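Note that the coordinates shown come from a computational prediction; the quantities given were computed from them, not determined experimentally.
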Amino acid sequence: MSAQPHPSIARILLPALTILLLITIQAHHFHNRAYRQDEAWDVHYALQNIREVGLPAHVAQVLYQLPPPNFLQDIWLHLFGHSERIVRFFSTLTTMLTLAMFYRLAADLYGRRVGWLALMLLGTYSLFAFYTHEARPYAALALGAAGLPWALLRFVRQPDRRSGCLLSLVALLPAFVHPYLSYVYIAQLLGIVLFARIDLRRQRREIALVLALGLVIAYRAFLNFGGHSGSISHNISTDWPGLQALYDHLHFRPEALGLFLLAGGLLVVIGQCLAQLGGRTQSDQLPWGENMRSAAWWREGWLLLSLLLTLALPLLVNLAIPSVTPRHFLIAAPFIVLLACLSLRQLPGTLQLLAVLFFCIPFVTQFRSHSSNGGYWEIIAHLEQHADPAHDRFAVMAGQLWENIAINYYLQERSRLGLGRDDIFHFSGQRQAAIASAPIRFNESLLESRQYPDDVTRLPSYLADSSRLWLVLGNSYPAGEAMLKAIEDEFSLYSALKFRGETYYRGLEVREYRHQPRGTSPLLRFGEEIVLQAWRLNTDHIVQPCAAISVDTWWSATQPQDKLYSSTLVVAGANGQGVVNSDAVPGGLYPTSIWQPEQLYFDERELRLPCDMPAGDYPLLLGMYETPGEAGASPQNLLVHTAAGAPTDRLLEYLTTLVVQP
């Protein structure tokens, strides 16, 4: 008996190079892209839980409860680190294996040329390219969606120990990462029952293995859906608007070409069925013929059944348990692509290549983000530049739990601020009373109001005597607005920057608050209406040349203001002339033109002394003038008044003396 010929190197090299090219382009699109909220959720939970309970106990949770969402990824990040590139590289490796298995599936069914065409279509499919590269369980889910059909058909054709082990691996590992593999299993099991030749006496072991795998997968699905614990609030609905939203994520790009191929593939399936009824089909020449009923058209029937079930079953379950989002339909992506290839294989070879080129152009030149993302790296860069972790306080206020977790991950794990869990005040019930290995859950009675009385009692002790608070603000909610008012009773808002991120429906905002001085009384006035309430030199009065000095001032107004004033901070020499000065509109986010009575406004001013400044005593002076409205106009200086409002003859007020030492 002669040995079977091995495939040529060229036949192996072409799909291998194609997979490498597709993965390289996919990774390029994700270069320097911060974790999305859900990615940060998974990574942060894994880091914290592994630190508290250890890796074995963390991974063992898959046997009895929902977390961890991706135990294979968690093992990887524990071994190699948790940065975006490292963790996403695990998804990249998984996706390479997925594409290889899908190529084998398509090639086994329709030949190597169709296998390569299917590989190109799946690799450039935007839904597949986006979610299989994220640090989420969807790369493993896609692996199961493409690998389980291939391994099961291989097992049907050649039911030996090797194919049985392969089937067990591609069924169980993805199933314990994501429960939606159960839908793929159901579709494939029905396909085998309908189209495979089954001998109950001779194939008892094979049948037992397939059913045993089904029981294990069913147990994993029960962990997710039992008692509605797998329900989500951001699901798409099983109605016409929901289907429209689903289609927006599932369609090919270019859309018209994709619809043309899918419609053509459907016509091919219908034609095969009609030909079967008319008795005009030819016998299948592929190795599957002896293992399958209806040898001439079983592939089309299996494909149509798999596609319909992977689309319909999640939508039907969604009616009882809200659980469907567009990314879950990665389980249908291999069958959508194969249906398009049924049409594509009818075209001449040059037109096939041209169609593939049209799919490659948007894949290479345009990156479609299927889920929004926040500007986390920009937030961290801003805080690292301006915040002082030794003296400042940090808080996160967002109505959604996933917002809090993503922000906390970047503050604690990815910044150079050195913040721990206890260094950040968490609104919205972030404190967990349950054991570390328990699933993350809200107190159901507090979900609607987000009113956590514990926040109110903890906040004053956390803020203590801090002079500055940095607040990262996400989605607003009623109780959060009340907490903001409580903060602003003692802190004045000085600056606020919004970080839009990528198509983020509400930009994250970083607010800088300054603690209002207690028991202030007017020190003096500039003009009749601008009141200096307090000031503070933040550095020592003994300084050296080239040093920077910082002065905080607190202001108020006796009447509503509509004019723009600037304050000037001056270091004067012995002759009374200014050596260096700093002029700006005080109030930070609130310029003087919008000041209102009974409000305190903060200003921070920094001066850098000249490096050639002689040693000596230098008065530090403060003044105020009306900002010129036109270029070239002279500023109108405001006279210094006493606290009671009596005018003086001074335009600058003495604050203190700086002693410059060499």
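Distance check: Thr657 OG1 to Leu621 CG gives 9.0 Å after rounding to the nearest 0.5 Å. To the nearest 0.5 Å, the span separating OH on Tyr376 from CZ on Arg36 amounts to 9.5 Å. In this structure, CD in Gln26 is found 5.5 Å from NE2 in His133, a value given to the nearest 0.5 Å. One finds the CD1 atom of Ile549 at 12.5 Å from the NE2 atom of His541 (value rounded to the nearest 0.5 Å). Taken from CG in Asp392 to CG in Leu469, the straight-line distance is 8.5 Å, to the nearest 0.5 Å. With rounding to the nearest 0.5 Å, the separation of OG in Ser467 from CZ in Arg536 is 5.5 Å.
Between Phe30 and Phe367, the ring-plane angle classifies as perpendicular under the 30° and 60° cut-offs. In this structure, Phe602 and Tyr494 have perpendicular ring planes: the angle between them is above 60°, well past the 30° mark.
Shortest non-hydrogen contact noted between Pro586 and Trp555 is CB-NE1, 4.1 Å. The two residues Gln61 and Asn49 have their closest heavy-atom pair at NE2-ND2, 3.0 Å. What you find for Leu463 and Ser466 is that their closest heavy atoms are O-OG, 2.7 Å. Looking at every heavy atom in both residues, Ala34 comes nearest to Asn373 through O-ND2, 3.1 Å.
Under the 3.5 Å distance criterion, with hydrogens and angles disregarded, no donor-acceptor pair is assigned to the side chains of Thr539 and Ser550. Counting only N and O atoms by type, the side chains of Asp74 and Tyr45 include no donor and acceptor under 3.5 Å apart.
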- [ ] Would you sort out whether Arg421 and Glu52 count as a salt bridge (Lys or Arg N to Asp or Glu O under 4.0 Å), showing the intermediate values?
- [x] CA-CA 13 Å; Arg421 185 186 303 183; Glu52 295 191 27; 3.0 Å; yes
Pair Asn70-Asp42, side chain to side chain donor-acceptor pair (under 3.5 Å): steps then yes or no | CA-CA 8 Å; Asn70 192 347; Asp42 287 0; over 6 Å; no
For His249 and Arg327, run side-chain contact (heavy atoms from CB on, under 4.5 Å): C-alpha distance rounded to whole Å, both residues' side-chain angles, the deciding distance at 0.1 Å, then the answer.
CA-CA 8 Å; His249 287 269; Arg327 54 185 173 266; over 6 Å; no
Derivation of the side-chain contact (heavy atoms from CB on, under 4.5 Å) call for Thr325 and Ile236
CA-CA 6 Å; Thr325 64; Ile236 60 172; 5.7 Å; no
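Within the 4.5 Å cutoff, the side chain of Ile86 has no heavy atoms near those of the Leu77 side chain. In this structure the side chain of Leu658 never reaches within 4.5 angstrom of the side chain of Asp617, judged on heavy atoms. Proximity of Ile379 to Leu508: side-chain heavy atoms (C-beta onward) are separated by under 4.5 Å at one or more points. Annotation: side chain of Leu622 is not in contact with side chain of Thr568 (no heavy-atom distance under 4.5 Å). No side-chain heavy atom of Tyr625 sits less than 4.5 Å from a side-chain heavy atom of Ser567. Looking at heavy atoms from C-beta onward, Ile75 lies in side-chain contact with Val59 at the 4.5 angstrom threshold. By the 4.5 Å heavy-atom criterion applied to side chains, Arg33 and Arg88 are counted as neighbours. At least one side-chain heavy atom of Tyr513 sits under 4.5 Å from a side-chain heavy atom of Leu484.
In this structure a side-chain-to-backbone donor-acceptor pair under 3.5 Å is missing from Gln544 to Gln661. No donor-acceptor distance shorter than 3.5 angstrom exists from the side chain of Asp583 to the backbone of Ser566, with no hydrogens or angles considered. Remark: side-chain polar atoms of Thr642 are not paired, donor with acceptor, to backbone N or O of Pro647 under 3.5 angstrom. Put simply, the side chain of His29 gets close to the backbone of Phe363: a donor and an acceptor are under 3.5 Å apart. Panel note: side chain Thr592, backbone Tyr565; a donor-acceptor pair is recorded below 3.5 Å.
Every residue meeting the ring-ring contact (aromatic ring centres under 6.0 Å, His included) condition with Phe491, not counting sequence neighbours, appears here in chain and number order: His515. His382 is linked by a ring-ring contact (aromatic ring centres under 6.0 Å, His included) to His386, Trp470, Phe499, counting only residues two or more places apart in sequence or in another chain. By the side chain to side chain donor-acceptor pair (under 3.5 Å) test, His641 pairs with no residue at all, sequence neighbours left out. For Thr558, the side chain to side chain donor-acceptor pair (under 3.5 Å) test picks out no residue, with sequence neighbours left out. For Asp248, the salt bridge (charged side-chain N to carboxylate O under 4.0 Å, His left out) partners two or more places apart in sequence, or in a different chain, are Arg368. Considering only residues two or more places apart in sequence or on other chains, Asp603 meets the side chain to side chain donor-acceptor pair (under 3.5 Å) condition with Arg605. Contacts of Ser83 classified as side chain to side chain donor-acceptor pair (under 3.5 Å), with partners at least two apart in sequence or in another chain: none. Qualifying ring-ring contact (aromatic ring centres under 6.0 Å, His included) partners for His78, counting only residues two or more places apart in sequence or in other chains: none. Listed by chain and number, the residues in a salt bridge (charged side-chain N to carboxylate O under 4.0 Å, His left out) with Arg253 amount to none (sequence neighbours excluded). Not counting sequence neighbours, the partners of Trp76 by the ring-ring contact (aromatic ring centres under 6.0 Å, His included) test are Phe80, Phe90.
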Would you tabulate the side-chain donor-acceptor contacts of residues 526-533 under 3.5 Å, counting partners in other chains and residues two or more places apart, or write 'none'?
from: Glu529; atom 1: OE1; to: Gln561; atom 2: NE2; distance (Å): 2.8
from: Gln533; atom 1: NE2; to: Ser556; atom 2: OG; distance (Å): 2.8

Name every donor-acceptor pair, under 3.5 Å, that has one atom in a side chain of residues 411-420 and the other anywhere in the protein, sequence neighbours excluded.
from: Glu413; atom 1: OE1; to: Arg51; atom 2: NH2; distance (Å): 3.0
from: Glu413; atom 1: OE2; to: Arg51; atom 2: NH1; distance (Å): 2.7
from: Arg414; atom 1: NH1; to: Glu84; atom 2: OE1; distance (Å): 2.9
from: Arg414; atom 1: NH1; to: Glu84; atom 2: OE2; distance (Å): 3.3
from: Arg414; atom 1: NH1; to: Tyr409; atom 2: OH; distance (Å): 3.2
from: Arg414; atom 1: NH2; to: Glu84; atom 2: OE1; distance (Å): 2.8
from: Ser415; atom 1: OG; to: Leu411; atom 2: O; distance (Å): 2.7
from: Ser415; atom 1: OG; to: Leu417; atom 2: N; distance (Å): 3.3
from: Arg416; atom 1: NH2; to: Glu384; atom 2: OE1; distance (Å): 3.2

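Aromatic pair Trp595/Tyr590: centroids not less than 6.0 angstrom apart. Ring pair Trp41/Tyr35: centre-to-centre distance not below 6.0 Å.
In this structure, Arg136 fails the cation-pi test against Tyr138, since its NZ or CZ atom is not both closer than 6.0 Å to the six-membered ring centre and inside 45 degrees of the ring normal.
The number of heavy atoms from other shown groups lying within 6.0 Å of CD (Glu598) does not exceed 12.
Salt bridge present: Arg511 and Glu488 bring a charged side-chain N and a carboxylate O closer than 4.0 Å. Between Lys485 and Glu490 there is no salt bridge, since no side-chain nitrogen of the basic residue lies less than 4.0 Å from a carboxylate oxygen of the acidic one. Taking the charged nitrogens against the carboxylate oxygens, Arg500 and Glu378 have no contact shorter than 4.0 Å, which rules out a salt bridge.
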